[in-house]
Amino acid sequence: MGGVIEGFGVIAAIVLIGYLLGRTKALGENGRDVLTRLSFYVGTPALLLKMLSESDVSIIFSTPLLVSALSTFAAAGLFVLVGVLRRWNVRRTTIGALCSSYVNAGNLGIPIAVYVLGDATLVAPVMLFQLLVMTPIGLTVIDFSQAGERSSAWLRILAPFRNPIVICSLIGVGISLSGWRIPAPVLEPIGLLGHLSVPTVLLAFGISLHGSAMPAGGTERWPVLLSVVLKSVVHPVIAWAIGVGLFGLEGASLFAAVVISALPAAQNLFVYASHYNVGMRLARESILLSTILSVPVLFTVTALLG
């Protein structure tokens with residue numbers, strides 16, 4: 001379980017530095033906002049462009065990925081169902097649905113795939129699925145529902161395509177499918193900018209923790225608790241049930257699908273919430289609590305299926 005400890009250790013260290021920056025106000029009053037914008041407009045688009053342009057997008061079509069995709073839609077759908085019944089705001093419900101299903105496949109998923117599953121490539125299809133399907137769907141819903149009533153239908157339709165994350169994801173996929181490779185002198189600065197993505201997200205998340213109320217309190221208590229239970233418990237259980245019941249998975253393939261589904265909510269969801277100024281507390285607390293809870297969950301999954 002060294003991968004679990006290492007992955008959480010890296011995240012905790014950077015988040016702690018962010019918390020100290022927030023406590024000392026070293027970056028000023030707008031430090032968090034600057035970091036989230038830097039990640040949203042520069043770091044994350046550059047990272048996705050480089051990653052997707054160099055990826056084989058055909059690996060998204062595989063049986064283990066189908067298990068992850070179906071369980072992801074199921075977990076998100078359960079949150080949406082509750083949101084509809086409770087008449088929650090569409091954008092807030094979208095953030096909650098993402099927090100219930102969108103796993104931390106990068107800075108946690110990769111080390112866990114290496115040290116627990118023994119193969120880093122096992123997490124790649126899930127990363128591509130989230131980048132190519134979940135992120136565009138989620139941001140499109142937020143963009144579309146955010147447009148004012150006076151906006152034309154055409155402007156609403158085009159809103160997602162003004163999003164730098166969606167734009168760079170589509171460009172990256174296009175380059176990958178074309179077989180062309182970005183020249184090294186161009187790819188190098190893109191790669192350097194892409195390295196900004198993860199640390200800026202974690203630092204902004206740490207800054208946001210300073211002065212925050214106790215998690216799962218106030219008006220966001222039930223949405224937060226719902227998203228955490230769905231992400232940490234229901235999502236991996238659904239993945240197991242689909243893997244066994246629909247596809248007959250067993251052994252290493254089943255273990256990998258359930259472990260990946262048991263990963264906590266990804267930190268970049270907080271960037272999306274901050275950028276659109278919706279559900280920030282829901283995102284922050286869901287990510288924090290699901291990350292803490294994922295430790296015993298991953299140990300349990302490893303003990304039962306590993």
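Here the structure is a predicted model, which is why all the values come from computation and not from measurement.
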Do Leu192 and Ile190 share a hydrophobic cluster (ILVMFWY, side-chain heavy atoms under 4.5 Å, transitive)? no

How many angstroms lie between OG1 in Thr200 and NE2 in His195, if you round to the nearest 0.5 Å? 12.5 Å

Given side chains that start at C-beta, do those of Leu254 and Val244 come closer than 4.5 Å, heavy atoms only? yes

Residues Ser68 and His235: closest non-hydrogen pair is O-NE2, 4.4 Å

Indicate yes or no: at least one non-hydrogen side-chain atom of Phe205 is less than 4.5 angstrom from one of Ile287. yes

Do you reckon Val234 sits in the same ILVMFWY cluster as Leu304, going by side-chain contacts under 4.5 Å, direct or chained? yes

Can you measure from OG1 (Thr135) to CG (Leu98) and round to the nearest 0.5 angstrom? 7.5 Å

Minimum heavy-atom distance between Val133 and Pro136, given as atom pair plus value: O-CD, 3.4 Å

Shortest non-hydrogen separation from Ala262 to Leu298 and the atoms involved: CB-CD2, 3.9 Å

Look at the side-chain heavy atoms of Ile, Leu, Val, Met, Phe, Trp and Tyr, link any pair under 4.5 Å apart, and say whether Val126 and Met134 land in one connected group. yes

Between Leu21 and Leu27 the two heavy atoms that sit nearest each other are CD1-CD1, 4.1 Å

Cationic N near anionic O, under 4.0 Å, Glu285 to Arg221: no

Check: Pro236 main-chain N/O paired with Lys231 side-chain donor or acceptor under 3.5 Å: no

In Å and rounded to the nearest 0.5 Å, what is the OH to CG distance from Tyr19 to Leu209? 8.5 Å

Treating Ile, Leu, Val, Met, Phe, Trp and Tyr as nodes and any side-chain heavy-atom pair under 4.5 angstrom as an edge, say whether Val237 and Leu226 lie in one connected cluster. no

Which pair of heavy atoms, one from Leu203 and one from Leu35, lies closest together, and at what distance? CB-CD1, 3.8 Å

Restricting to non-hydrogen atoms, name the atom on Ser101 and the atom on Ala75 that form the minimum distance, rounded to 0.1 Å. CB-CB, 4.1 Å

Cut-off 3.5 Å, no hydrogens considered: what does the side-chain donor-acceptor table look like for residues 37-51, sequence neighbours left out?
from, atom 1, to, atom 2, distance (Å)
Ser39, OG, Thr44, OG1, 3.1
Thr44, OG1, Ser39, O, 3.1
Thr44, OG1, Ser197, OG, 3.0
Lys50, NZ, Glu54, OE1, 3.2

Do the side chains of Val10 and Phe270 join up, straight or via other hydrophobic residues, at under 4.5 Å, putting them in one cluster? yes

Residues Met280, Arg32; criterion side chain to side chain contact (heavy atoms under 4.5 Å, CB included); working and verdict: CA-CA 12 Å; Met280 287 189 289; Arg32 189 204 71 192; 3.7 Å; yes

How many angstroms lie between CG in Leu52 and CG in Leu170, if you round to the nearest 0.5 Å? 9.5 Å

Side chains of Leu70 and Phe247, heavy atoms from C-beta outward: is any pair under 4.5 Å? yes

Is Ser294 reaching over with its side chain to a backbone N or O of Leu263, donor-acceptor style, under 3.5 angstrom? no

Between Tyr272 and Tyr102, is the ring centre distance below 6.0 Å? no

From OG (Ser71) to CD1 (Ile242), nearest 0.5 Å: 5.5 Å

Could you check if a side-chain atom of Gln267 sits within less than 4.5 angstrom of a side-chain atom of Thr291, using non-hydrogen atoms only? yes

Side-chain touch Thr72/Phe129, heavy atoms, less than 4.5 angstrom: yes

Are any non-hydrogen side-chain atoms of Trp88 and Pro223 less than 4.5 angstrom apart? yes

Could you walk me through whether Leu78 and Val82 pass the side chain to side chain contact (heavy atoms under 4.5 Å, CB included) test, one step at a time? CA-CA 6 Å; Leu78 288 173; Val82 174; 5.8 Å; no

Tell me whether Ser232 contacts the main-chain N or O of Val228 through its side chain, where contact means a donor paired with an acceptor under 3.5 Å. yes

Roughly how far, to the nearest 0.5 Å, is CD1 of Ile171 from CD1 of Ile167? 7.0 Å

List the steps and the verdict of side chain to side chain contact (heavy atoms under 4.5 Å, CB included) for Tyr276 and Leu139. CA-CA 9 Å; Tyr276 290 102; Leu139 298 186; 3.8 Å; yes

Look only at the side chain of Thr36 and the backbone of Asp33, and say whether a donor-acceptor pair between them is shorter than 3.5 Å. yes

No-hydrogen, no-angle side-chain donor-acceptor test under 3.5 Å, Ser227 and Ser100: no

Take Val278 and Ile95 through the side chain to side chain contact (heavy atoms under 4.5 Å, CB included) test and state the conclusion after the steps. CA-CA 8 Å; Val278 58; Ile95 293 295; 4.1 Å; yes

Whether Asn89 side chain and Arg92 backbone form a donor-acceptor pair below 3.5 Å: yes

For Trp240 and Phe255, what are the C-alpha separation, side-chain angles and deciding distance, and is it a ring-ring contact (aromatic ring centres under 6.0 Å, His included)? CA-CA 8 Å; Trp240 174 84; Phe255 178 48; over 10 Å; no

Quick note, side chain to side chain donor-acceptor pair (under 3.5 Å) partners involving residues 165-194, not counting sequence neighbours, are none

